[in-house]
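The figures here come from the full heavy-atom set of this structure, side chains too, leaving out hydrogens, waters and symmetry mates. First listed ligand is number 1; within each ligand, the first listed atom is number 1.
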Amino acid sequence: MSLLDKINRDTIPKHIAIIMDGNGRWAQKQGEDRLFGHNFGVEAVRETLKAAQEIGVEYLTLYAFSTENWKRPKEEVDGLMDLLVRTISGEVDELHESNVVISSIGDMDGLPPSCKEELQAAYDRTKNNTGINLILALNYSAKWELIQATKEIARRVKEGELEMDDINDCLMSDMLCTKGIPDPELLIRTSGENRVSNFLLWQIAYAEFHFTDVLWPDFKREDLYKAVLDYQSRERRFGLVSAQLEKNT
Ligand code: FPP
């Protein structure tokens, strides 16, 4: 039985978020520069998206560039931005054909104009599609997002638009970049690093984590299936005890 056949189609996570890590180490192993690894990372993005579409995932969020990544050498940052622009413009036709909806989360104002324009064109082109939502986290960090949300809530309270008692879980979720998007049930990180690196800190409160040693450019469809099978083997209790879950099913 293949890994794909083993997946229970009734309990597919609606939303999978991925910290794509290990491009640099992968390139180093081949004696190449870091950008070589990022370039090969694009193929892993294609494969992962296809695998997610195949099993019926509704949202796939990819951590493509964090606010901290600006501190990398200029050559790598410029190369990554260029790669993002080229990839989005080069793939948009095929993504549109396969009914993908492209969007992004993060501080778009901090991105180079060419990147913002390509993203805008991709949103406009794909916004009426009905297939998987591909969400690119670009110039994103969860602390930045939570500070923006907190400032907006404080402003509304100050202006009398909100009462203190209106501040709750739902309001906070609505103030984030991911407004309207269900929280990820599964977070994957590649390359053997076991941390969340400022990614979706609010949204992953109840996510299952799957860490794999596979470096991102080596990540294949089967690796996504393995992560989903791992997720499906977990008991998600949301603070309850097992007996309560059995009673509710
Ligand atoms: C982390 O590996 C990866 C990144 C910071 C960039 C991810 C970008 C891509 C996969 C390319 C394009 C993506 C899209 C969505 C078009 P690292 O450089 O931190 O690796 P290291 O930890 O081995 O140094």
Side-chain angles (χ1 to χ4, degrees), residues 16-53 57 59-96 98 100-108 110-112 114-123 125-126 132-142 187-200 211-221 223-224:
I16 299 180
I18 307 185
I19 302 175
M20 308 180 286
D21 197 9
N23 294 352
R25 276 163 284 166
W26 185 88
Q28 222 166 24
K29 276 172 55 182
Q30 336 272 323
E32 299 283 351
D33 68 13
R34 300 177 54 79
L35 280 171
F36 185 79
H38 296 314
N39 273 292
F40 270 84
V42 175
E43 184 52 29
V45 170
R46 285 192 198 101
E47 284 297 294
T48 304
L49 176 66
K50 284 184 189 144
Q53 283 175 301
V57 172
Y59 299 85
L60 178 67
T61 301
L62 302 177
Y63 205 3
F65 195 89
S66 75
T67 51
E68 287 81 19
N69 287 152
W70 295 111
K71 296 179 201 137
R72 291 189 175 199
K74 185 177 176 331
E75 192 186 88
E76 182 175 349
V77 171
D78 290 350
L80 259 173
M81 284 299 143
D82 183 51
L83 177 64
L84 286 164
V85 171
R86 274 189 289 116
T87 306
I88 298 164
S89 72
E91 304 278 329
V92 70
D93 285 348
E94 201 181 320
L95 293 172
H96 182 51
S98 65
V100 176
V101 182
I102 302 173
S103 64
S104 65
I105 54 172
D107 184 4
M108 292 305 115
L111 290 173
S114 58
C115 192
K116 271 201 289 191
E117 281 158 26
E118 252 351 298
L119 275 172
Q120 191 59 51
Y123 307 147
R125 184 91 191 279
T126 62
I132 191 169
N133 289 273
L134 174 63
I135 303 158
L136 302 177
L138 287 169
N139 197 18
Y140 174 86
S141 90
L187 174 78
I188 300 171
R189 183 174 188 145
T190 58
S191 89
E193 307 291 355
N194 298 352
R195 49 176 183 268
V196 292
S197 298
N198 215 347
F199 191 41
L200 302 175
F211 297 112
T212 169
D213 288 339
V214 174
L215 301 174
W216 179 251
D218 286 332
F219 196 84
K220 301 278 180 296
R221 291 183 196 211
D223 295 301
L224 188 84

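- At a 4.0 Å heavy-atom cut-off, ligand 1 does not touch Ile88 at all.
- Nearest protein neighbour of atom 10 (C) of ligand 1, counting heavy atoms only, is Asn23 ND2, 3.5 Å.
- With ligand atoms numbered from 1 in the order given, ligand 1 contributes 5 (C) to contacts under 4.0 Å with heavy atoms of Asn69.
- For ligand 1, the atoms lying closer than 4.0 Å to a non-hydrogen atom of Leu136 are 15 (C).
- Below 30°, between 30° and 60°, or above 60°: for Trp26 and Phe36 the angle between ring planes is below 30°, a parallel geometry.
- By heavy-atom distance, the residue among Glu91, Glu43, Glu76, His38 lying nearest atom 4 (C) of ligand 1 is His38.
- Looking at Arg72, Arg34, Arg25, it is Arg72 that brings a heavy atom closest to atom 19 (O) of ligand 1.
- Of all the heavy atoms in Ser89 and Val92, the pair that sits closest is O-CG1, 3.6 Å.
- Of the protein's non-hydrogen atoms, Met20 O, 3.1 Å is the one closest to atom 1 (C) of ligand 1.
- Here Thr87 has side-chain heavy atoms under 4.0 Å from ligand 1, and that is the only part of it that gets that close.
- Looking at Arg34 and Glu75, no side-chain N of the basic residue comes within less than 4.0 Å of a carboxylate O on the acidic one, giving no salt bridge.
- Contact record, Met108 with Leu138: CE-O, 3.6 Å, taken as the closest heavy-atom pair.
- Shown here for Thr126 and Ala122, the closest heavy-atom pair between the two residues is OG1-O, 2.8 Å.
- What you find for Gly37 and Pro217 is that their closest heavy atoms are O-CG, 3.7 Å.
- Residue contacts with ligand 1 leave out Ser191, since none of its heavy atoms falls under 4.0 Å from the ligand.
- Interface of Trp216 with ligand 1, defined as ligand atoms under 4.0 Å from a residue heavy atom, comprises 10 (C).
- Backbone and side-chain nitrogen or oxygen atoms of Leu84 are examined, and none is located within less than 3.5 angstrom of a nitrogen or oxygen of ligand 1.
- Of the candidates Gly24, Ala64, Ala44, Ala64 brings a heavy atom nearest to atom 7 (C) of ligand 1.
- Proximity of a side-chain donor or acceptor of Arg25 to a complementary backbone N or O of Leu215 within less than 3.5 Å is not detected.
- Asn39 places a side-chain N or O within donor-acceptor distance of the main-chain N or O of Leu35, the cut-off being under 3.5 Å.
- Protein heavy atom in closest approach to atom 12 (C) of ligand 1: Val42 CG2, 3.8 Å.
- Checked against a 3.5 angstrom limit, the closest N/O atoms of Trp26 and ligand 1 fall outside it.
- Side-chain contact between Phe65 and Leu136 is absent, with no heavy atoms from C-beta onward closer than 4.5 Å.
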